[in-house]
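Have a look at the structure below, then the notes.
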Amino acid sequence: MQKISGGVAAPKGFTAGGIHCGVRGSSTKKDLAMIYSETPCTAAAVYTQNKVYGAPITVTRANIADGRAQAVICNSGNANTCNADGVEKAEKMCELAGTALGLSASDIIVASTGVIGQVLPIEPIEKGVTMLAPLLSANGGTDAAEAIMTTDRNKKEIALSLELGGKEVKIGAIAKGSSMIHPNMGTMLCFVTTDCAITHQMLEEALRDVTARTFNRVVVDGDSSSNDMCVALANAMAGNPLIEWKDEDYETFVGALETVCTHMARAIAADGTGSTKLITCQVRSARSEEGAERLAKSVVSSDLVKASMFSCDPHWGRVMIAMGCSKAPFRPEHVDIYFRSAAGEVLACIRGEAAPLDMDKAKEILSQPEVMIDVDLHEGDQQAVCWGCDLTADYIKINGFYRS
């Protein structure tokens with residue numbers, strides 16, 4: 001397995017692109033993306049569990065109910081959520097993309113991201129689709145990645161190559177997300193493409209399995225968005241033997257998919273609105289993976305822990321209290337807490353009590369762009385890792401003026 005270039009357009013038969021069409025009004029930022037496969041694809045998706053969800057989710061669910069799709073259209077700048085004409089506009093986007101690509105509207109996955117509760121202007125998209133379709137190319141993955149960004153500071157894309165059944169198989173992806181991120185599916189947009197030959201059932205199981213261990217373990221601010229989905233498209237053009245059972249090839253594919261989604265989950269956490277560092281919380285030696293996950297999520301969700309990480313304060317007591325709020329069973333008197341980064345490590349808590357601590361060394365460790373909070377429960381052999389970011393004044397500034 002190795003990283004390759006090309007992002008979402010790296011797998012055989014896929015092209016992509018992104019342009020500015022004017023959904024954002026006076027902004028010149030790219031705001032319309034498309035992904036296309038030369039041949040029909042097996043399709044699977046997971047969605048936000050927020051009870052308030054956008055019209056694009058309603059339409060996409062209907063379009064891929066048969067487990068098939070061939071293209072994606074996505075706009076940024078407007079979520080098309082809580083609008084009386086939302087479904088009509090989402091269906092219109094599918095019709096426009098279908099016409100431009102020579103496909104049925106029901107073969108299109110539609111997504112939107114941006115401000116909630118504002119009517120989506122369809123005219124810029126109508127013009128933009130006509131402009132964008134001829135520009136789709138195997139080099140267009142980065143443009144597509146940029147076009148789906150909202151408050152993201154960095155584009156998020158990756159591609160991998162691996163061997164399955166003697167054939168080269170590629171997996172590519174783009175994603176967006178920096179706020180309204182909380183474990184409740186994945187709460188962001190992620191589009192995964194692959195030329196692997198795999199059945200709908202196996203692709204769906206793989207996506208759900210991997211999502212649970214990656215996107216479901218990301219926290220930025222505790223808010224779940226209304227529009228978010230993770231979609232996987234597989235067009236079988238690699239020519240590998242069809243994966244229809246949970247055999248060795250399936251496990252290899254799942255491993256590669258997890259690598260892709262872990263990369264994206266970490267990128268989303270690191271790009272949290274206003275953040276200065278990625279926080280990784282590992283809870284190990286737990287009685288169960290579920291319990292470890294609940295504890296780790298509670299730590300990366302804690303505003304007090306996040307604020308301590310921003311100020312480079314090794315306040316292990318806040319970590320312990322956050323764990324206690326999780327309602328997951330553990331014995332505080334057995335807990336060790338380490339802070340780790342590229343600058344080294346310190347033991348801050350031993351068996352539930354303060355350990356001798358070099359504050360200067362601790363601050364140096366916590367000043368790095370990625371910090372790990374490592375919790376050893378001394379109770380079992382299970383573990384889980386969750387990701388988050390620090391909390392800064394810029395988070396309030398950026399989200400406070402988001403609509404303006």
Query raised in the report: What do the steps show when you test Phe310 against Leu391 for side-chain contact (heavy atoms from CB on, under 4.5 Å), and what is the final call?
Result: CA-CA 6 Å; Phe310 170 65; Leu391 179 63; 5.9 Å; no
query = Among side-chain atoms of Asn75 and Ser112, is any donor-acceptor pair under 3.5 angstrom?
reply = yes
Heavy-atom donor-acceptor pair, Ser298 side chain to Ala322 backbone, under 3.5 Å = yes
Per side chain to side chain contact (heavy atoms under 4.5 Å, CB included), Ile158 is matched among Val260, Val192, Thr262, Ile4 by Val260
Nearest heavy-atom contact between Ile365 and Gly344 is CD1-C, 3.6 Å
Note: Ser37 and Phe14 closest approach over all heavy atoms is CB-CE2, 3.6 Å
Minimal heavy-atom distance between Gly54 and Thr81, with the atoms involved, is CA-OG1, 3.2 Å
Checklist entry - Looking just at side-chain N and O atoms, do Ser76 and Lys176 make a donor-acceptor pair shorter than 3.5 Å? => result no
**Study point:** Residues, nucleotides or ligands: over 12 heavy atoms within 6.0 Å of Lys155 NZ
**Key:** no
Is the backbone of Ile108 close enough, under 3.5 Å, to the side chain of Asn63 for a donor and an acceptor to pair up by distance? yes
Side-chain touch Asp249/Glu163, heavy atoms, less than 4.5 angstrom: no
Salt bridge (charged side-chain N to carboxylate O under 4.0 Å, His left out) test vs Glu293 passes for just one of Arg284, Arg217, Arg213, namely Arg217
Original post:
If you draw a 6.0 Å radius around CD in Glu345, do more than 12 non-hydrogen atoms from other residues or ligands fall strictly inside?
Top reply: yes
What one should report as the nearest heavy-atom pair of Ala138 and Ala9 is O-CB, 3.6 Å
dist Ile373:CD1 -> Phe339:CZ (nearest 0.5 Å) comes out at 5.5 Å
Test Leu366 against Met309 for side-chain contact (heavy atoms from CB on, under 4.5 Å), laying out the working first.
CA-CA 7 Å; Leu366 296 183; Met309 294 299 98; 4.0 Å; yes
Ser285 side chain to Asp376 backbone, donor-acceptor under 3.5 Å: no
One should read off an interatomic distance between Ile64 CD1 and Glu204 CD, to the nearest 0.5 angstrom, of 8.0 Å
Under a 3.5 Å distance rule, please check whether Ser341 uses its side chain to pair with a backbone N or O of Val371 as donor and acceptor. no
- Message: Side chains of Ser275 and Arg153: any donor to acceptor distance under 3.5 Å?
- Response: yes
- request: Kindly determine whether Val283 and Gln382 satisfy side-chain contact (heavy atoms from CB on, under 4.5 Å), including the steps that lead there.
  value: CA-CA 9 Å; Val283 174; Gln382 300 297 302; over 6 Å; no
Nearest heavy-atom approach of Ala43 to Leu233 is CB-CD2, 3.7 Å
task: Verify side chain to side chain donor-acceptor pair (under 3.5 Å) between Glu244 and Thr199, making sure each step is shown before the conclusion.
output: CA-CA 6 Å; Glu244 50 187 338; Thr199 65; over 6 Å; no
| said: Using a 3.5 Å distance criterion without hydrogens, assess whether the side chain of Asp107 forms a donor-acceptor pair with backbone atoms of Ala69. | reply: no
Query raised in the report: Is the shortest heavy-atom distance from the side chain of Ile243 to the side chain of Leu164 under 4.5 Å?
Result: yes
| message | Could you tell me if the side chain of Ile57 sits less than 4.5 Å from the side chain of Val110, heavy atoms only? | response | no
Here the gap from Asp31 atom CG to Cys21 atom SG, rounded to the nearest 0.5 Å, amounts to 4.0 Å
| query | Between Thr193 and Val8, is there a donor-acceptor pair closer than 3.5 Å when you use the side chain of the first and the backbone of the second? | reply | yes
By salt bridge (Lys or Arg N to Asp or Glu O under 4.0 Å), Arg331 pairs with (sequence neighbours left out) Glu379
Margin query: When you measure from the side chain of Ser288 to the backbone of Gly291, do you find a donor-acceptor pair of N or O atoms at a distance under 3.5 Å?
Written below: yes
Please check if the number of heavy atoms outside Ile321 that lie under 6.0 Å from its CD1 is greater than 12. no
For Lys127, does the NZ atom have more than 12 heavy-atom neighbours from other residues, nucleotides or ligands under 6.0 Å away? no
Interatomic distance, CG@Leu162 vs CD@Glu168, rounded to 0.5 Å, equals 8.5 Å
query: Is there a donor-acceptor contact under 3.5 Å linking the side chains of Arg294 and Ser326?
result: no
**OP:** Report yes if the side chains of Val335 and Val375 come closer than 4.5 Å at any heavy-atom pair, otherwise no.
**Re:** yes
Determine whether Met34 and Leu101 make a side-chain contact, defined as any pair of heavy atoms from C-beta on separated by less than 4.5 Å.
-> yes
Review point. Can Arg266 and Glu370 be counted as an ion pair, charged N to O under 4.0 angstrom?
Key: yes
Under the 3.5 angstrom rule, does the side chain of Ser106 hit a backbone N or O of Ser104 as a donor-acceptor pair?
no
Less than 4.5 Å apart, side chain to side chain, heavy atoms only: is that true for Ile174 and Lys156?
no
When rounded to the nearest 0.5 Å, the distance separating CE of Met202 from CD1 of Ile198 is 7.5 Å
*asked:* Whether the side chain of Lys30 engages the backbone of Asp143 through a donor-acceptor N/O pair (distance < 3.5 Å, no angle test) should be reported.
replied: no
| said: Between Val23 and Leu120, is there a side-chain heavy-atom distance shorter than 4.5 Å? | reply: yes
Going by atom types only, do Glu157 and Thr142 share a side-chain donor-acceptor pair under 3.5 Å? yes
- Counting only heavy atoms not in Glu248, do more than 12 fall under 6.0 Å of its CD? no
Separation between SG (Cys312) and CD (Glu364), nearest 0.5 Å, reads 10.5 Å
**Request:** For Cys41 and Arg68, run side-chain contact (heavy atoms from CB on, under 4.5 Å): C-alpha distance rounded to whole Å, both residues' side-chain angles, the deciding distance at 0.1 Å, then the answer.
**Result:** CA-CA 6 Å; Cys41 301; Arg68 308 291 288 176; over 6 Å; no
So the side-chain hydrogen bond (donor to acceptor under 3.5 Å, both in side chains) pairs with at least one residue in residues 3-12 (sequence neighbours excluded) are none
For Val231 and Ala45 the tightest heavy-atom approach is CG2-CB, 3.9 Å
Checklist entry - Is a donor on one side and an acceptor on the other found under 3.5 Å between the side chain of Asp247 and the backbone of Tyr250? => result yes
Contact check, side chains of Leu207 and Cys230, non-hydrogen atoms, under 4.5 Å: yes
